[in-house]
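What follows is a single structure, written as structure tokens, with notes after it.
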Amino acid sequence: MLRMSKLFLKTLREAPADAEIASHQLLVRAGYIRRAAPGGFSWLPLGWEVFRNVENIVRDEMNKAGTQEVHFPALLPREPYETTGRWTEYGDNLFRLVDRKGADFLLAPTHEEMFTLMVKDIAGSYKDLPVSLYQIQTKYRDEARPRAGLLRTREFVMKDSYSFDLDDAGLDASYAMHRDAYITLFERLQLPYVIVSAMSGAMGGSKSEEFLAPMEVGEDTYIRCTSCDFAANVEAITTPVPDDQPLDGLRAAEIHDTPGTPTIGTLVEFINQDESMRRADGRDWSAADTLKNLVVTLKHPDGTTEPLAIGIPGDREVDMKRVEAVVAPADVEPFGDDDFKQYPALKKGYIGPGALGSSNASGIRYLVDPRIVTGTAWVTGADEYNRHVIDLTTGRDFTPDGVIEAAEVRDGDLCPACGSDVEIARGIEIGHIFQLGRKYAEALDLWVQGEDGKPLTPTMGSYGVGVSRCLAAVAEAHCDDIGLVWPREISPADVHLVMAGKDGSEQQRTAEKLAGELEAAGLRVLFDDRVKGSPGVKFKDAELLGVPTIAIVGRGIDADEPTIEVKDRKSGDREDVALANVVEHLVEVCAS
RNA sequence: CGGGGUGUAGCGCAGCUUGGUAGCGCGCCACGUUCGGGACGUGGAGGCCGGGAGUUCAAAUCUCCCCACCCCGACCA
């Protein structure tokens, strides 16, 4: 039993000024957490209780799924991460430190290497696989910008698991097992979620999905369909391809002088003012009729670079995230002035398909948006300064080298699954499942002996759930203007029992007795036994703390047939229950 | 890392323009009165005014530098 008179707790009437989002404000106001460091929080008794409840649900579901719990140090030597290249790859996000002998260490951001090495150490035969292992552990990432309370911190608790299988079918099964476990887990945490595809096809066969809790305060944007249940990351969504248009009867392309039109906006305005440049159908030109061409430099992991030209409708921006997802593992860098000097065919600001493509002047690979299909006519750069070409038609006047998903996705774009409108939404990433393949096993030389005596390299999956982040997401999803509203299984108690009476009163005697009876009946009781302070203070605190059921021992006690007020925190519904029945009643309420 | 904002008591804030002994509300301590929706009275405790340098007889206030935090963006297996 937690007694408020002794509990190490102070609630705040006002939220700290640096807390912006509801979960952060309420968790601090209710005395669950305190900020202790940039991107780091301390847990107070009630907060730690809630944390452990979340952790235990995660643990329970992982155990049920058949994965086994292990535990690693967070403080690790450089070597394994050097072997896989992540000591450098992780960049500034890795916390690095040096021991007294000058050896490099890191605070682990994730543990693929260590799990791989553990399996390498223990498993020698194909008979030892498949196996899935997990840990619940503090992770460290030197985030550029911690924010939003517990949602993005530099030290956080993550459940990370890893599967080791002999073949792709086994990996698929392990992946599906984790996916199912996560679905059960998030339902049990009462966290709303959507599952979004997280990768485009460029990474080969590897598959990855994110579990997002759809909330405005989330920092991941994703695309969801307004009519079917399609959801995907912006990187993973594909643009429905329109049908090719017939080329017969289309006007010939024509080059025009277009002085003073450095932007799409000024260009459209200019050509609409000149009758000789009318569209074939008589309508005004719009930005969507223009073809904007952009050149970037791809930097491959082996250090080589390569230019890439991207053509998209002029009413859209290029989304660098999408480009990077497509060209990964290459990095994308802007095309600089020096680069332009190397390609005199490119006239900055007036680049058109005429200069692009492997068969044209520059020889630069030219990929276009999927909407740019055969038979579509465009206004685009004429590859001469201050000139544009009108009615340049795809498949007749130019042929791109291929398509690329590079254009920004917008509200109202078409759903690849059903063709309805999609919308952009935000969510909190609460889980991520990932088919890694053999990258780590190969890098760290993990193999087991097969049935035929030959070595087999296991294929891996990695699966993460942000435990502390989930807690914040639950708080965010389950609160109102006056406080938190915990799902029962996460709540620090089943019943918040309020003694609304003076020291030495009948209320006090009854509440003391009732608290003991409730606990004996198996309920977790948070007992506000404070003798000072008005009832109003206790009611406000009970609402702020968010225990799902509040029972008040107050003036109902003075009646001939004494009653206890039982209140549902979420709905606000209250009822008077006869004292004689209240234990039974509360047991029932808490079981439902 | 770029843009914007804020640093004054545990929390929320005023004071800064125009330099002159640091204030308010909540919370905290003591006593008394209250006791079903954040009670009231009286008396208290608590601050290197983010840090450093400068200007000045005098700096929370003016100047410069630094730091921290928050928001937007970039970044985020």
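We use all heavy atoms of the structure for the numbers below, so side chains are in, but hydrogens, waters and symmetry mates are not. Residue numbering restarts at 1 for every chain, and letters A, B, ... go by the order of the sequence lines. The shown structure was predicted, so the numbers you read here are calculated from the model rather than taken from an experiment.
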Seminar exercise, completed: Closest to the 5' end of RNA chain B, once A/P16 and A/I552 are matched to their nearest nucleotides, is A/P16
For this session: Ignoring backbone atoms, establish whether A/S534 has a side-chain N or O less than 4.0 Å from OP1 or OP2 of B/C35.
Result: no
Seminar exercise, completed: As its Watson-Crick or G-U partner within any shown strand, both distances under 3.5 Å, B/A77 has none
For this session: Please check if the side chain of A/K207 supplies one atom and the backbone of A/D172 the other of a donor-acceptor pair under 3.5 Å.
Result: no
For this session: Using a heavy-atom cut-off of under 4.0 Å over every strand shown, decide if A/E565 touches base, sugar-phosphate, or nothing.
Result: base
For this session: Looking at every strand, decide which applies to A/M158 at a 4.0 Å heavy-atom threshold: base, sugar-phosphate, or nothing.
Result: base
Exercise. How are the rings of A/Y193 and A/F211 set relative to one another: parallel (under 30°), tilted (30 to 60°) or perpendicular (over 60°)?
Worked result: tilted
For this session: Tell me what A/K567 touches on the nucleic acid: a base, only sugar-phosphate, or nothing, going by heavy atoms under 4.0 Å.
Result: base
Exercise. Under 4.0 angstrom, heavy atoms only, what part of the nucleic acid is A/R154 near: base, sugar-phosphate, or nothing?
Worked result: nothing
Seminar exercise, completed: Any strand, both distances under 3.5 Å, Watson-Crick or G-U wobble: B/G10 pairs with B/C26
Problem set entry | Residues in contact with RNA chain B, drawn from residues 18-35 of chain A - heavy-atom cutoff 4.0 Å | A/D18, A/E20, A/R29, A/R35
Exercise. Does A/R13 place a side-chain N or O at less than 4.0 Å from the phosphate oxygens OP1/OP2 of B/G12?
Worked result: no
For this session: Flag the pair A/R322 and A/E408 as a salt bridge only when some basic side-chain nitrogen lies within less than 4.0 angstrom of an acidic carboxylate oxygen.
Result: no
For this session: Select base, sugar-phosphate, or nothing to describe what A/K538 touches, counting heavy atoms under 4.0 Å on all strands.
Result: nothing
For this session: For a ring-ring contact (aromatic ring centres under 6.0 Å, His included) with A/Y32, tell me which candidate from A/W43, A/W48, A/F41, A/W486 qualifies.
Result: A/W486
Exercise. How is A/P38 classified with respect to the nucleic acid when contacts are heavy atoms under 4.0 Å: base, sugar-phosphate, or nothing?
Worked result: sugar-phosphate
